[in-house]
Enquirer: 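This is the structure I have questions about; it appears just below.
Below, read A as the first sequence line, B as the second, and so on, with proteins coming before strands; counting in each chain starts at 1.
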2 protein chains.
Amino acid sequence: MSASPRAANTKTAILDVAERLVQRRGFNAFSYGDVAAELGITTAALHYHYASKSELGESLITRYAATFEGALQAIDATAEEPPAKLAAYCDIYRRALAGHRMCLCGMLAAEFETLATPMRDAVVGFFEENERWVAGLLESGREAGGFSFAGTAQRSARMVIAALEGAMLVARPYGDLEMFDEVAGRLLSDFAPA
Amino acid sequence: MSASPRAANTKTAILDVAERLVQRRGFNAFSYGDVAAELGITTAALHYHYASKSELGESLITRYAATFEGALQAIDATAEEPPAKLAAYCDIYRRALAGHRMCLCGMLAAEFETLATPMRDAVVGFFEENERWVAGLLESGREAGGFSFAGTAQRSARMVIAALEGAMLVARPYGDLEMFDEVAGRLLSDFAPA
DNA sequence: GTCTATAACGAGATAGAC
DNA sequence: GTCTATCTCGTTATAGAC
């Protein structure tokens, strides 16, 4: 065993801890000290892997977006109908909330004005990609007859994402997963054909 | 600057500046120094008016909730029909977004885990009050025939608030007011009778 | 790759003069 | 009611030893 595999593990472990802290407390409310203490290393070691907090933030978003994209492709790969796929999409958000986490990019959207440009661009990119995917799903569902809605698919996609991000935001203070389910359930039934 | 006529209203001026900073940057990303510098006073003077940052935060939410409540009563006092009242409700959020601001309590909801108990309670109280008001409006609209929706009014009210908070959250990074309008417009048309 | 040590700064908060 | 001065602590970040 060389020393290299260990390095990759530490990098990943840092991302894991930082990701959870950002999703729960926000980017401006976690510190290198928090992450270092939890991993049993020093902040200096942390700076070896991620030179600056902004750099760590960029890596956080990049990995999160890639994981999210993977989840979307997994949904696409199922033989389910569009309504079931939309439900699966809602469930991605639900699982984060069940872990007392906000969507990473939803949290960063709140703190948007305090972020460096590279992080801002990455956050916007995440939402654009999601909007594109949801719009595609809605459109194919409308063509297949599983969905019914007025206006453009893009407009409805924005509604879906806004409602889900907002549901997480508001349900978390209540500590009420059922409140999220109510919003998601209502969202799904809104697209059901009459 | 020392002869500012604002001197007698320092407490209010502090709230004004702090409120804008929290709505734009978040509670954890503004400091006594930021507020003091903008007002041309020292942080020591600030501590005279608000002994701690948490105390300032509580006053911020209390005033915000009262102002919001006043806006709701103003809507109630109009002779408009429920759909027009719901549109007016959406417009409260829209005006904040036009000023590049998140809803104060939406921002604090993101930072919820980092807040002291009194601030948490005040944030939850704000959302409960809003949910109550919107549910009442939806119910009276359904009875009068201006609205049509399935399920309980409370459930639909949660959907409305989640969508509006989420629309603000997601639209702000884009700097796109029209994106908020799309979500709000879709929300309003969803409640229109078939 | 991780450590010790420390720099450099900003934060919230307090004491006491005016 | 506001000031100067100061305290204490936490933060990001760097230098250099191991």
Enquirer: Atom CG of A/L46 and atom P of C/dT2: how far apart are they, to the nearest Å?
Expert: 9 Å
Enquirer: Residues two or more places apart in sequence or in another chain: which of them pass salt bridge (Lys or Arg N to Asp or Glu O under 4.0 Å) with B/D181?
Expert: B/R94
Enquirer: Students often mix this up, so state it plainly: with edges at 30° and 60°, are the rings of A/F126 and A/Y64 parallel, tilted or perpendicular?
Expert: tilted
Enquirer: Rounded to the nearest Å, what distance is computed from the CG atom of residue B/N9 to the P atom of nucleotide D/dG1?
Expert: 11 Å
Enquirer: Charged N to carboxylate O below 4.0 Å: is that the case for B/R155 and A/E182?
Expert: no
Enquirer: Ignoring hydrogens and geometry, is there a side-chain-to-backbone donor-acceptor pair from A/R120 to A/F112 under 3.5 Å?
Expert: yes
Enquirer: Using a cut-off of strictly less than 4.0 Å, decide whether B/T42 has a side-chain nitrogen or oxygen near OP1 or OP2 of D/dT2.
Expert: no
Enquirer: Taking the minimum atom-to-atom distance to the side chain of B/H49, which one of D/dG1, D/dT4, C/dC3 wins?
Expert: D/dG1
Enquirer: Please check this pair: side chain of A/Y32 against backbone of A/S52, looking for a donor-acceptor N/O pair closer than 3.5 Å.
Expert: yes
Enquirer: Using atom NZ of B/K11 as one end and atom P of D/dG1 as the other, report the distance to the nearest whole Å.
Expert: 9 Å
Enquirer: According to the salt bridge (charged side-chain N to carboxylate O under 4.0 Å, His left out) rule, which pairs have a member within residues 61-70 of chain A, sequence neighbours left out?
Expert: A/D16-A/R63, A/E19-A/R63
Enquirer: Please report, rounded to the nearest Å, how far the C1' atom of C/dA11 is from the CZ atom of B/R25.
Expert: 14 Å
Enquirer: Just the atom pairs and distances: protein N or O near nucleotides 8-12 of chain D's N or O, under 3.5 Å.
Expert:
unit_1: D/dT12; atom_1: OP1; unit_2: A/K53; atom_2: NZ; d: 3.2
unit_1: D/dT12; atom_1: OP2; unit_2: A/Y32; atom_2: N; d: 2.9

